[in-house]
Amino acid sequence: MHPDRRGEGIILFGLGVLDAEQARFDQALDHYRRSLAIFAELDDRWWQAHALQRLGELHWEQAQLDQAVAALEQSVAIFRALGDRHGQAMALRSLALTFDHQGRYDDALTGYQACLAKFRELGDRLREAATLQNLGFLYREQGRLDAAQACYQQCLGMFREFGDRRFEATTLRSLGDVCCEQDRLHDALGWLEQSLALFRELGDRRFEALALRTLGDVHRKAGRHPQALACLQECLGSCRQLGDRRIEGYALRSIGDLLAEQHHLDDALDHYQRALTAFSELGLPLWQGRTLECIADAHTVRGDQPAAQQAWKQAATILARLGVPTAAEVRRASGGPPAGAEC
């Protein structure tokens, strides 16, 4: 065996990391797989676990969620067998994030809580803060907005203490998301403008696009339709240049919301259907369900009750499987507007 075989594997692994950071996903996948093959050949379990973790995270980035779970579960098992508590916690956090995106909320919550306990035991406050941010995202998906805000505010203080500006920016955006959902539009605007400025300073176009999408939603809710459209079109252009179908789906749905509010229902339905296609291809069930609700609302306003009922049934089936209330259930509980008023 060539004496530098292990070094070759480490170099390939490092190249994969660099490729992934530059969104060169095909090259990253090739480098990770080749490094993994070398580490398996050498029976180097520690490096195998790291390569599997990175491979799983890469699959997650590309919305290949089943492949991500398979790689990450192997990584967690190897780190556990080696007694590497930090490596296990890192891989488990990525696995919990993947469960979250699959709509496996109980598994995600169990994973995040286990990660928090391990990072606190190890005194890793930066990873503790990052896991709190993930937990806030999970709570927001479940409609537990106060719990989400508490997580975000706690981790924001920690990120500022560490001087981690990228995580600070993502948390500011998340606070803006929560405030937007609560219709606290002035607060949302403040958080999002801070977030957008930081992402632009950091040159992070993907997260800049996400901030623009929520900023567009805030402007729409405030009745500033031209500003909303400008933000959402900029978001859509950026994510298409980046090849990010997930953010493209978010932008298409938000543009659909704007068009529906302006009573351009045919155009709204076209955007919703394109968003639904993206979410279906990516295996994002929560967003499939929420978009189907918007489609149902648009059909209701048009007076097409059969199409509306079909979409509502599809949405209710998906959301019931996730254990998430439908928009109609939330409206009834809050005494809000009837279906068709806003999705």
Side-chain angles (χ1 to χ4, degrees), residues 16 19-30 32 54-72 94-95 97-104 108 134 137-138 140-141 170 173-174 177 196 199 203-217 228-260 267-295 311 314-315 318-319 322 324 343:
D19 286 331
E21 288 175 350
Q22 297 298 317
R24 297 190 297 263
F25 295 135
D26 289 342
Q27 296 96 314
L29 183 64
D30 177 64
Y32 285 145
R54 290 286 188 166
L55 188 61
E57 290 167 352
L58 183 65
H59 283 309
W60 178 87
E61 284 280 354
Q62 297 179 290
Q64 299 162 347
L65 301 183
D66 290 339
Q67 292 163 274
V69 167
L72 290 164
S94 295
L95 180 59
L97 183 63
T98 307
F99 286 150
D100 190 348
H101 279 260
Q102 286 183 314
R104 296 169 58 179
N134 296 141
F137 182 76
L138 172 61
R140 184 163 64 86
E141 286 187 309
T170 59
R173 180 183 65 81
S174 296
D177 287 337
L196 190 59
F199 285 133
D204 192 326
R205 294 188 64 215
R206 178 172 298 171
F207 279 94
E208 177 188 340
L210 282 168
L212 281 165
R213 180 249 169 181
T214 309
L215 191 58
D217 286 343
L229 185 59
C231 287
L232 293 170
Q233 286 180 331
E234 186 177 352
C235 169
L236 188 60
S238 292
C239 62
R240 283 176 171 166
Q241 287 179 4
L242 295 167
D244 195 313
R245 288 280 283 156
R246 180 170 59 94
I247 303 176
E248 180 180 355
Y250 296 160
L252 286 167
R253 208 202 85 158
S254 289
I255 293 172
D257 291 343
L258 177 62
L259 290 166
D267 287 342
L269 283 165
D270 175 65
H271 281 79
Y272 288 146
Q273 289 290 352
R274 287 154 62 192
L276 182 62
T277 298
F279 297 140
S280 300
E281 289 173 357
L282 296 171
L284 299 175
L286 177 67
W287 283 93
Q288 287 175 255
R290 292 302 186 212
T291 304
L292 281 163
E293 290 181 315
C294 291
I295 289 170
Q314 291 177 287
I318 292 170
L319 296 173
L322 299 176
V324 174
C343 68

K.L.:
What I'd like to find out is whether the side chain of L55 reaches to under 4.5 Å of the side chain of L72, using heavy atoms alone.
P.N.:
no
K.L.:
Is the closest basic N to carboxylate O distance between E208 and R205 below 4.0 Å?
P.N.:
no
K.L.:
Tell me every residue that passes side chain to side chain donor-acceptor pair (under 3.5 Å) with R54, counting only those two or more places apart in sequence or in another chain.
P.N.:
none
K.L.:
Going by salt bridge (charged side-chain N to carboxylate O under 4.0 Å, His left out), name the pairs with one or both residues in residues 228-237, residues two or more places apart or in two chains.
P.N.:
R200-E234
K.L.:
So F99 and L65, do their side chains get closer than 4.5 Å, heavy atoms only?
P.N.:
no
K.L.:
Using the test ring pair (Phe, Tyr, Trp, His ring centres under 6.0 Å), find all partners of H101 that sit at least two apart in sequence or belong to another chain.
P.N.:
W60, F137
K.L.:
Rounded to the nearest 0.5 Å, what's the gap from NE2 on H271 to CG on L276? Could you check?
P.N.:
14.5 Å
K.L.:
Report yes if some heavy atom in the side chain of I295 is under 4.5 Å from a heavy atom in the side chain of Q314; otherwise report no.
P.N.:
no
K.L.:
Do you know which of I247, L210, I255 makes side chain to side chain contact (heavy atoms under 4.5 Å, CB included) with C235?
P.N.:
I247
K.L.:
Holding to side chain to side chain contact (heavy atoms under 4.5 Å, CB included), I want the full list of residues that pass it with C231, two or more places apart in sequence or in another chain.
P.N.:
L212, L215, H219
K.L.:
So do the side chains of H59 and L29 get within less than 4.5 Å of each other, counting heavy atoms only?
P.N.:
yes
K.L.:
I want to check something: taking the side chain as every heavy atom from C-beta on, are I318 and L292 in contact at a cut-off of under 4.5 Å?
P.N.:
yes
K.L.:
Check side chain to side chain contact (heavy atoms under 4.5 Å, CB included) between A268 and all other residues, then give those that pass, not counting sequence neighbours.
P.N.:
L259, A260, Y272
K.L.:
Who pairs with E141 by side chain to side chain donor-acceptor pair (under 3.5 Å), at least two apart in sequence or on another chain?
P.N.:
none
K.L.:
For D267, check salt bridge (charged side-chain N to carboxylate O under 4.0 Å, His left out) against everything at least two apart and list the hits.
P.N.:
none
K.L.:
Report the C-alpha separation of R290 and L319 in whole Å, then their side-chain angles, then the decisive distance to 0.1 Å, and conclude whether the side-chain contact (heavy atoms from CB on, under 4.5 Å) test is met.
P.N.:
CA-CA 8 Å; R290 292 302 186 212; L319 296 173; 3.4 Å; yes
K.L.:
Under the rule for side chain to side chain contact (heavy atoms under 4.5 Å, CB included), what residues qualify as partners of D19, not counting sequence neighbours?
P.N.:
R24, Q27, A28, H31
K.L.:
Looking at residues at least two apart in the chain, or sitting in another chain, which of them share a ring pair (Phe, Tyr, Trp, His ring centres under 6.0 Å) with Y250?
P.N.:
F279, W287
K.L.:
Decide yes or no for R104 and T98: does some side-chain heavy atom of the first lie under 4.5 Å from some side-chain heavy atom of the second?
P.N.:
no
K.L.:
Could you list the residues that satisfy side chain to side chain donor-acceptor pair (under 3.5 Å) with E61, not counting sequence neighbours?
P.N.:
R206
K.L.:
Regarding T291 and R253, do their side chains bring together a donor and an acceptor under 3.5 Å, going by distance alone?
P.N.:
no
K.L.:
Output all residues satisfying side chain to side chain donor-acceptor pair (under 3.5 Å) with D66, sequence neighbours left out; order by chain, then residue number.
P.N.:
Q102
K.L.:
Can you sort out the partners of E21 under side chain to side chain contact (heavy atoms under 4.5 Å, CB included), two or more places apart, ordered by chain and number?
P.N.:
V17, L18
